[in-house]
Protein chains: 2
Amino acid sequence: MKKDNLDDRKKKVLQAIVEEYINTAEPVSSGAISKGHGLDYSSATIRNDMAQLENIGFLDKPHTSSGRVPSAKGYRYYVHELLKEDNLSLEEIKYIQKKLKVKVNEIEDLTKAATTTLSEITHYTTVAVGPKSDKQIIEEIKFVSLGQRMLMVVIVTDTGLVKETIIKFDEDITDSQVDTLNNLFNTRLKGKPLSKIDKPMAEYIFSEVNYSVGIMKAIIEQINKIVDEEDNNIILEGAKNSFDLPEFKSMKVAKNFVNLLDAKDEMLQIFNSGDAEDINVYIGDDDDNSNLKDFSIITFKHTMGDKDLGTIGIIGPKRMDYAKVIAVMKYISKKINEDNNKKEGM
Amino acid sequence: MKKDNLDDRKKKVLQAIVEEYINTAEPVSSGAISKGHGLDYSSATIRNDMAQLENIGFLDKPHTSSGRVPSAKGYRYYVHELLKEDNLSLEEIKYIQKKLKVKVNEIEDLTKAATTTLSEITHYTTVAVGPKSDKQIIEEIKFVSLGQRMLMVVIVTDTGLVKETIIKFDEDITDSQVDTLNNLFNTRLKGKPLSKIDKPMAEYIFSEVNYSVGIMKAIIEQINKIVDEEDNNIILEGAKNSFDLPEFKSMKVAKNFVNLLDAKDEMLQIFNSGDAEDINVYIGDDDDNSNLKDFSIITFKHTMGDKDLGTIGIIGPKRMDYAKVIAVMKYISKKINEDNNKKEGM
DNA sequence: ATTTAGCAATCGAATATTAAGAGTGCTAAA
DNA sequence: TTTAGCACTCTTAATATTCGATTGCTAAAT
């Protein structure tokens, strides 16, 4: 494609505009970037470049006589081709290290700590979603009786996830029944992905015993609920920070934002689609009509060895401080994965 | 107090103004309520009453030449003295009944269902908080080992609460140690309030055995975390609905709202302070500077017999449809408590 | 004594007018 | 290829003007 052949100065101009706009949230004029940002030309020269950058769709003009604003395409080019890595300050590094030094009992603890820290440092809203249930291998299923008519089911997976739920019955359940449940479910499901615990599988397991319909139904229902919840669980952090951004002065944007946070499906889809081993950047489409159009999302996968432990991400305005966010993410990502692998090696 | 001696017409005028304002969100003029709302006077007469109602602080004037708006004091008088109960429609009753017919395994299930339903019917944001830990009696503490170095603690309370957490150790823990833990904690804590599980108590218990410091510390930490989480747990439902309200056009109000939702302490304080056996209404103070000032909160306690199962409430603009909200709450409250008592009787 | 009609006065909100200024695009010169 | 110069565009802010809703008060009516 022609448009990718930006000459050196045009690249600098685009970069300067994006960075200036990230800082000020105001349209950028030719004069504002004719000096500085590694440029030293007259505003007329810059103007020419800007016109061409607009032609090929990297810039937009809010109105005929005001400065330029990066288009979604412009942001994408900036992120993928022009972004120069930011360095974290020593304080930031110290802070992250401190916050991540949590005692990890469940994988959620670490995820939570990372999410909170990310939000605190960037001041954007952060989100974490767990690994999909088909990526998690069951290590153990344990039925524990809590009194005659109450049972707790605990499922432990290879990702360190421990999920449990309570089941109540209208009739008594005996210790030997509990033992049988433990045997049955473990032999059938250990080593299988979590998503395999579905209704058909449970019915199949129950076909081998003849418990009352009430008991079976209650167990199947609750176990399915675990899997379901696991696939739809989203952790949100620092949503209120976003309301300080200038773009939130527009009620439309604010509303899109709360709608976005509420649209779990849309969110899950984005969060589950990124590459592992990399920072993924989604930039809202200018002429999209979804809730996403005003926002960008940056995510990374959190892994242990080659196991997917879920995705952590950030939601902010398209005018986001990409350099900073990506730098923080890279650092946190590295740190987490280091910790995980140390732990694994023990 | 003099001001409480409103003559009949003034009461009607105040009521009409509040109701009109609830509907329209616009200042109410004398003309708008001179006919209807059980009134039939000239606007001049109403005007006189309005002036007096303003004098005694029940009404405010946004500016000299526009209609009146209820003050916080006016709302309070309206709610406590003038409110006429609303009736639910048959559909609403049917809907609530359907939604509350959930299988309750944990008390949270019912609370969640009630909270969601309340939000769906009123379109306001709803909140639920559990009973404080000092109101919950421990029925059982159970340690369950999940592999050599992982333990799960389950605490069951008289409110139907089942809380659990995972503890990981750096060293092995034996079956007999687990048995001892079970005995020790149960004999010491069964029948005691949940809040009694604090650091001193745990340390006292541990003084009777000599487990490694690592094990003891891990257990104490995690158990305390359960209690702590229980006291700070807030369920939020339908927050995004609020963004459709006209008052949210003001960015200041919107920001106060997200801040309020984030200020868990402030929230918990209000939610934990209401009377049992009643619907409690808090109306934000006009000249308060807290996040609350633009909002009202209506709560009720959710009980089983005389046990407090927590508080469910609604947060909305001061211009809230009190009649509707209170009617729905009363119905849901009655329904829940019926169900609970039926269950208890079984 | 209460209520109401009538009316001047007030003030906000909407609309129009103007002025100022920021920024562009283009042309012609450097 | 770059730049100075300048006319043109369009936004924003400031100012003025109009319009109408609503009030408060007074004097008349009930």
Side-chain angles (χ1 to χ4, degrees), chain A residues 5-14 16-21 23-71 74 246-247 249-251, chain B residues 5-14 16-18 20-21 23-71 74 246-247 249-250:
Chain A
N5 293 334
L6 293 189
D7 65 54
D8 221 49
R9 193 180 60 213
K10 287 211 188 63
K11 285 185 189 171
K12 277 189 187 146
V13 169
L14 178 55
I17 291 177
V18 173
E19 284 169 1
E20 195 67 13
Y21 188 63
N23 272 328
T24 63
E26 298 289 341
V28 181
S29 73
S30 55
I33 56 167
S34 80
K35 315 282 149 170
H37 289 97
L39 290 167
D40 186 14
Y41 292 87
S42 76
S43 65
T45 308
I46 304 295
R47 226 157 20 243
N48 286 330
D49 285 350
M50 282 164 84
Q52 290 177 56
L53 285 166
E54 184 182 349
N55 271 338
I56 51 177
F58 285 99
L59 297 177
D60 282 333
K61 236 195 309 202
H63 14 268
T64 327
S65 74
S66 202
R68 302 301 208 294
V69 161
S71 67
E247 18 275 284
K249 288 217 187 70
S250 150
M251 203 49 222
Chain B
N5 294 333
L6 293 188
D7 65 53
D8 221 50
R9 193 180 59 213
K10 286 212 189 61
K11 285 185 189 171
K12 278 190 187 145
V13 168
L14 178 55
I17 290 176
V18 173
E20 195 67 13
Y21 187 63
N23 271 328
T24 63
E26 299 289 340
V28 182
S29 72
S30 55
I33 55 166
S34 80
K35 314 284 150 167
H37 290 97
L39 291 166
D40 186 14
Y41 292 88
S42 75
S43 65
T45 307
I46 303 296
R47 230 164 9 248
N48 287 330
D49 286 349
M50 282 165 83
Q52 291 178 56
L53 286 166
E54 183 181 349
N55 272 337
I56 51 178
F58 285 100
L59 296 179
D60 282 333
K61 235 192 315 201
H63 13 266
T64 326
S65 74
S66 203
R68 302 300 207 296
V69 161
S71 67
E247 19 274 285
K249 289 217 185 72
S250 150

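Within every chain, numbering begins at 1; the chains are lettered A, B, ... in the order of the sequence lines, protein sequences first and strands thereafter. Everything quoted here is computed from the prediction, not taken from an experiment.
For the residue pair Gly67(A) and Pro62(A), the shortest heavy atom distance occurs at O-CD, 3.2 Å. Across Pro70(A) and Tyr21(A), no two heavy atoms sit closer than the pair CD-CD2, 3.6 Å. In terms of heavy atoms, Ile33(B) sits closest to Ala16(B) at CG2-CB, 3.9 Å.
Each end of the helix from dA1(C)-dT30(D) to dA30(C)-dT1(D) yields a helix axis from five base pairs, and these two axes differ in direction by 30° (to the nearest 10 degrees).
Of all nucleotides in DNA chain C having an atom under 4.0 Å from a heavy atom of chain B, the first and last in 5' to 3' order are dT3(C) to dG12(C).
Not one side-chain nitrogen or oxygen of Ser65(B) sits closer than 4.0 Å to the OP1 or OP2 atom of dT23(D). At dT9(D), none of the side-chain N or O atoms of Lys61(A) fall inside 4.0 Å of OP1 or OP2 (strictly under the cut-off).
Counting only distance, with no hydrogens or angles, the side chain of Thr45(B) and the backbone of Tyr41(B) share no donor-acceptor pair below 3.5 Å. Under the 3.5 Å distance criterion, the side-chain polar atoms of Ser71(A) are matched with a main-chain donor or acceptor of Phe58(A).
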Would you give me the side-chain donor-acceptor pairs under 3.5 Å for residues 46-57 of chain A, sequence neighbours excluded?
| unit_1 | atom_1 | unit_2 | atom_2 | d |
| --- | --- | --- | --- | --- |
| Arg47(A) | NH1 | Ser30(A) | OG | 3.2 |
| Arg47(A) | NH1 | Ser43(A) | OG | 3.2 |
| Asp49(A) | OD1 | Arg9(A) | NH2 | 3.3 |
| Asp49(A) | OD2 | Arg9(A) | NE | 2.6 |
| Asp49(A) | OD2 | Arg9(A) | NH2 | 3.3 |
| Gln52(A) | OE1 | Lys10(A) | NZ | 3.4 |
| Glu54(A) | OE1 | Arg68(A) | NE | 2.9 |
| Glu54(A) | OE1 | Arg68(A) | NH2 | 2.9 |

Kindly determine whether Leu59(A) and Leu14(A) satisfy side chain to side chain contact (heavy atoms under 4.5 Å, CB included), including the steps that lead there. CA-CA 8 Å; Leu59(A) 297 177; Leu14(A) 178 55; 3.9 Å; yes

Carefully, step by step, assess Glu20(B) and His37(B) under the rule side chain to side chain contact (heavy atoms under 4.5 Å, CB included). CA-CA 9 Å; Glu20(B) 195 67 13; His37(B) 290 97; 3.1 Å; yes

Report, one pair per line, the protein and nucleotides 12-18 of chain D atoms (nitrogen or oxygen only) whose separation is under 3.5 Å.
none

Just the atom pairs and distances: protein N or O near nucleotides 28-30 of chain D's N or O, under 3.5 Å.
none

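Computed from coordinates, the Arg68(A) CZ to dT9(D) C1' distance equals 13 Å when rounded to whole Å. Between the CD1 atom of Ile46(A) and the P atom of dT3(D) there is a distance of 8 Å, given to the nearest Å.
Taking the nucleotide of DNA chain C with the nearest heavy atom to each of Ser42(B) and Thr64(A), the more 5' of the two is matched to Ser42(B).
Base contact: Thr45(A) has a heavy atom under 4.0 Å from a base atom.
Considering only the side chain of Arg47(A), dG5(D) comes nearest among dC25(D), dG5(D), dT2(D).
Within residues 30-38 of chain A, no residue places a heavy atom under 4.0 Å from DNA chain D.
Atom-to-atom distance recorded for Lys12(A):NZ and Asp40(A):CG is 10.5 Å, nearest 0.5 angstrom.
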